[in-house]
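Below: the structure, in structure tokens.
Keep in mind that what you see is a predicted model, and the values were worked out from it rather than measured. Within every chain, numbering begins at 1; the chains are lettered A, B, ... in the order of the sequence lines, protein sequences first and strands thereafter.
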Amino acid sequence: MQKPSLPEGTRDFGPEQARKRAWIFDTIRSVFVKFGFQPLETPAMENLSTLTGKYGDEGDQLLFKILNNGDFLKDADPELLAAKNSAKLLPQISKRGLRYDLTVPFARFVVMNRQTLTFPFKRYQIQPVWRADRPQKGRYREFFQCDADVIGSDSLLYEAELTQIYDEAFAKLGIPVVILINNRKILFGIAEAAGIADRFMDMTVAIDKLHKISPDGVRQELARKDIPADSIEKVMKILANPSLEALRPLFANSETGLKGIAELERVFHLLGKTPLKNEIRFDITLARGLTYYTGCIFEVANKRIGMGSIGGGGRYADLTGVFGMPGLSGVGISFGADRIYDVLDRLNLFPENLNESVPVLFVAFDEATHEYAFECVSRVRVAGLAAELYPEPGKLKKQFEYAAKRNVPYVVIVGETEMASGMLTVKNQISGEQRNMTVEELIGFLSK
RNA sequence: GAGAUUGUAGCUCAGCUGGUUAGAGCGCUGGUUUGUGGCACCAGAGGUCGGGGGUUCGAACCCCCUCAUUCUCCCCA
């Protein structure tokens with residue numbers, strides 16, 4: 001007999017976990033829908049050509065590839081095979097891969113359906129993605145992403161609305177958060193002001209680590225990238241600056257930097273016209289590693305416990321360009337569902353009633369009462385309520401233990417007396433109190 | 001890709017410098033209580049000590065290989 005096991009970095013979600021996760025997804029989805037986003041689902045697998053080259057060299061390595069069906073070595077180049085040249089052999093033996101995120105499939109979908117879509121196109125998508133990463137704390141090889149993106153508009157209204165979505169969703173989930181906002185153009189302004197515009201990405205990647213490593217660590221990181229010492233000090237000096245206002249004079253010679261300031265001011269202006277439940281903060285050190293962001297960028301941090309970011313996103317100028325449809329600006333956000341789960345779990349913030357499976361369980365003593373109970377259960381279900389009947393009549397002890405383990409709040413006892421009178425015995429499992437009532441009364445009782 | 005960690009019952013773990021029939025708690029099954037669960041008591045089932053090889057009179061424990069886990073770095077959610 002073989003021991004059952006799970007592939008590295010994957011997990012099962014048992015009933016309780018699955019219910020909690022469904023609650024998270026439903027909560028987030030309801031906010032997406034409220035802001036007019038439409039659902040989209042794409043296949044788990046994409047053509048490898050769609051995926052490769054979109055996430056950098058590292059990303060390509062982390063793609064799960066799917067072996068071709070049939071005799072997949074038949075058409076493989078014998079020389080490559082003999083040389084064990086995996087990299088060059090790959091396209092000959094694998095045509096498909098599992099999706100790595102939801103953004104690239106979304107871009108592919110938009111380009112393929114450009115004739116029928118109405119722009120701006122707002123979609124949300126809640127599906128699993130796969131990465132052949134080394135699993136560790138809070139990181140899995142299969143995990144869910146909850147994305148909302150708008151494509152086909154460069155209006156800053158959407159930056160404001162997506163911030164509102166974060167605000168409302170986390171308020172509904174009961175997690176107090178800080179929503180951090182920055183703008184890639186401001187980061188570019190820093191690079192220009194420090195005279196290292198050509199090293200923009202190196203600088204960004206280093207700044208992104210500021211939260212993890214000390215300012216000195218960032219200095220070392222920058223120095224390692226051969227950035228001149230005086231430029232490094234200029235960068236660090238600007239980073240120490242917390243407000244948009246004070247930034248403006250420093251960006252006198254950076255048109256892009258000034259534009260970034262103006263964009264953020266516009267977003268904050270719009271947000272000022274609506275009540276928000278969480279703190280929204282400009283954070284000049286927020287960088288985000290992904291290269292395709294070009295404007296505003298977001299990140300959500302929970303206030304209670306340290307645990308990476310639980311959401312992030314930003315504006316990208318040209319996501320569909322690689323698929324031959326340039327000039328479409330988009331902006332999107334993502335919720336880290338798995339980490340949100342961990343935060344809710346650690347802080348005990350899940351709603352109480354989530355682990356109740358059914359509101360009522362029927363129990364009976366013998367064949368005759370069991371059949372009568374079956375009729376009663378059916379009538380409760382016809383009324384639209386969930387109900388369950390224990391499969392065998394007999395010992396109440398066993399049936400009550402089952403009810404307790406399933407967290408059923410009410411148990412209906414059906415015996416000869418009940419069957420004769422039509423008055424069921426209904427026991428409240430929490431208080432222990434018992435009452436007699438007809439099926440109709442039970443339905444009314446459970447409905448409120 | 002690099003480094004570390006752990007692997008003993010369904011679960012969480014104990015097992016002293018290698019020594020005879022491998023333990024506990026929880027869970028499970030049955031009973032005390034065949035019209036009432038959570039508590040208590042009693043009894044019981046359940047393990048080729050991740051797998052393979054080696055050292056030894058003797059290995060859960062020491063050595064080698066292998067598989068798997070968890071964590072850190074890189075990168076990211």
Side-chain angles (χ1 to χ4, degrees), chain A residues 1-11 14 24 55-63 86 99-103 126-147 205-206 208-209 211-213 217 221 224 287-291 298-302 307-314 332-343 361-366 369-370 373 390 392-419 424-434 436:
Chain A
M1 204 177 73
Q2 65 167 16
K3 265 194 180 173
S5 64
L6 227 40
E8 191 182 4
T10 67
R11 41 261 141 98
I24 294 174
Y55 310 103
D57 289 343
E58 299 240 14
D60 284 355
Q61 301 239 309
L62 298 181
L63 286 174
S86 304
R99 66 167 167 253
Y100 179 89
D101 69 1
L102 300 178
T103 310
I126 301 176
Q127 287 190 286
V129 302
W130 294 269
R131 295 183 188 179
D133 205 353
R134 244 3 213 287
Q136 49 183 285
K137 194 186 182 78
R139 289 174 67 179
Y140 306 95
R141 288 187 151 183
E142 177 186 71
F143 61 97
F144 272 72
Q145 290 195 331
C146 310
D147 283 16
V205 169
D208 196 35
K209 291 179 182 163
H211 296 278
K212 236 182 198 176
I213 57 183
E221 174 96 12
R224 209 159 351 117
R288 294 191 68 74
L290 292 174
T291 52
F298 311 99
E299 200 156 292
V300 183
N302 80 86
M307 155 132 48
S309 75
I310 50 178
I333 55 172
S334 183
F335 287 78
D338 297 273
R339 283 185 182 171
I340 289 172
Y341 182 100
D342 289 343
V343 172
L361 173 79
F362 282 67
V363 302
F365 293 93
D366 51 32
T369 51
H370 195 242
Y390 195 79
E392 286 100 25
K395 282 188 189 169
L396 286 196
K397 179 187 168 78
K398 211 173 184 176
Q399 308 194 54
F400 268 88
E401 271 177 359
Y402 176 78
K405 274 175 198 152
R406 291 284 309 276
N407 255 310
V408 181
Y410 294 100
V411 174
V412 176
I413 302 163
V414 185
E416 278 182 39
T417 343
E418 284 83 358
M419 189 163 74
L424 304 174
T425 301
V426 179
K427 178 173 180 184
N428 180 325
Q429 286 289 93
I430 294 146
S431 67
E433 176 200 3
Q434 292 195 177
N436 294 319

Need one value for [X]: base, sugar-phosphate or nothing, where a base atom within 4.0 Å counts as base even if backbone is also close, heavy atoms only.
X	answer
Asp101(A)	nothing
Tyr140(A)	base
Glu299(A)	nothing
Ser334(A)	nothing

Just the table, please: protein N/O against nucleotides 36-39 of chain B N/O, every pair under 3.5 Å.
residue: U36(B); atom: O2; partner: Lys427(A); partner atom: NZ; Å: 3.0
residue: U36(B); atom: O2; partner: Gln434(A); partner atom: OE1; Å: 3.2
residue: U36(B); atom: N3; partner: Gln434(A); partner atom: OE1; Å: 2.3
residue: U36(B); atom: O4; partner: Gln434(A); partner atom: OE1; Å: 3.3
residue: U36(B); atom: O4; partner: Gln434(A); partner atom: NE2; Å: 3.0
residue: G37(B); atom: N7; partner: Lys427(A); partner atom: NZ; Å: 3.0
residue: G37(B); atom: O6; partner: Lys427(A); partner atom: NZ; Å: 3.4
residue: G37(B); atom: O6; partner: Gln429(A); partner atom: O; Å: 3.1
residue: G37(B); atom: N1; partner: Gln429(A); partner atom: O; Å: 2.6
residue: G37(B); atom: N1; partner: Gln429(A); partner atom: NE2; Å: 3.4
residue: G37(B); atom: N3; partner: Gln429(A); partner atom: NE2; Å: 3.3
residue: G38(B); atom: N1; partner: Gln429(A); partner atom: O; Å: 3.3

How far, in whole Å, is [M] from [N] if one measures between their [atom1] atoms?
N	M	atom1	answer
C65(B)	C75(B)	C1'	32 Å
G7(B)	C13(B)	C1'	12 Å
U21(B)	A60(B)	P	10 Å
C62(B)	A45(B)	C1'	35 Å
C49(B)	U20(B)	P	15 Å
U48(B)	G23(B)	P	15 Å
G3(B)	A77(B)	C1'	24 Å
C67(B)	G51(B)	C1'	7 Å

Nucleotide paired to [N] in any strand shown, Watson-Crick or G-U, under 3.5 Å:
N	value
C62(B)	G54(B)
U36(B)	none
G44(B)	C28(B)
U69(B)	none

Pair Gln145(A), Ser334(A): side-chain N/O donor-acceptor within cut-off below 3.5 Å: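 Judged by distance alone, the side chains do not pair up.
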Working note: Tyr410(A) + Asn428(A), criterion side-chain contact (heavy atoms from CB on, under 4.5 Å); need CA distance, chi angles, decisive distance, verdict. CA-CA 5 Å; Tyr410(A) 294 100; Asn428(A) 180 325; 3.9 Å; yes
Protein-nucleotide distance ([X], atom [atom1]; [N], atom [atom2]), rounded to Å:
X	N	atom1	atom2	answer
Lys405(A)	G27(B)	NZ	P	9 Å
Arg134(A)	C73(B)	CZ	P	14 Å
Asp338(A)	C76(B)	CG	P	18 Å
Arg11(A)	A77(B)	CZ	C1'	11 Å
Arg99(A)	A77(B)	CZ	P	16 Å
Tyr341(A)	A77(B)	OH	C1'	17 Å
Asp133(A)	C73(B)	CG	P	12 Å

5′-ward residue of the pair Phe143(A)/Gly9(A) relative to RNA chain B: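 Counting from the 5' end, the first nearest nucleotide belongs to Gly9(A).
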Pro135(A) or Arg141(A): which one's nearest nucleotide on RNA chain B is closer to the 5' end?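 Nearest nucleotide further toward 5': that of Pro135(A).
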Side chain [X], main chain [Y], donor-acceptor under 3.5 Å:
X	Y	result
Arg141(A)	Pro135(A)	no
His370(A)	Gly394(A)	no
Arg99(A)	Val129(A)	no

Mark yes or no for a side-chain to base donor-acceptor pair under 3.5 Å between Arg139(A) and C75(B), with no hydrogen or angle criteria applied.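 Under the 3.5 Å cut-off, the side chain and the base do form a donor-acceptor pair.
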Point-to-point distance, once rounded to the nearest 0.5 Å, from CG of Asp338(A) to CD1 of Ile310(A):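 One gets 12.5 Å once the value is rounded to the nearest 0.5 Å.
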Please pick, from A77(B), G35(B), A2(B), the nucleotide with the shortest atom-to-atom distance to any side-chain atom of Phe365(A).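 Of the candidates, G35(B) comes closest.
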Parallel, tilted or perpendicular: ring planes of Tyr100(A) versus Tyr55(A), cut at 30 and 60 degrees: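 Taking Tyr55(A) first and then Tyr100(A), their aromatic rings sit tilted (interplane angle of 30° to 60°).
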Within the pair Gln136(A) and U72(B), is there a side-chain N or O less than 4.0 Å away from OP1 or OP2?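 For Gln136(A), the contact criterion (side-chain N or O under 4.0 Å from OP1 or OP2 of U72(B)) is met.
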Give the intermediate values and the outcome of side-chain contact (heavy atoms from CB on, under 4.5 Å) for residues Ile126(A) and Phe335(A). CA-CA 9 Å; Ile126(A) 301 176; Phe335(A) 287 78; over 6 Å; no
So Asp366(A) and Glu416(A), do their side chains get closer than 4.5 Å, heavy atoms only?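 Yes - at least one pair of side-chain heavy atoms lies under 4.5 Å apart.
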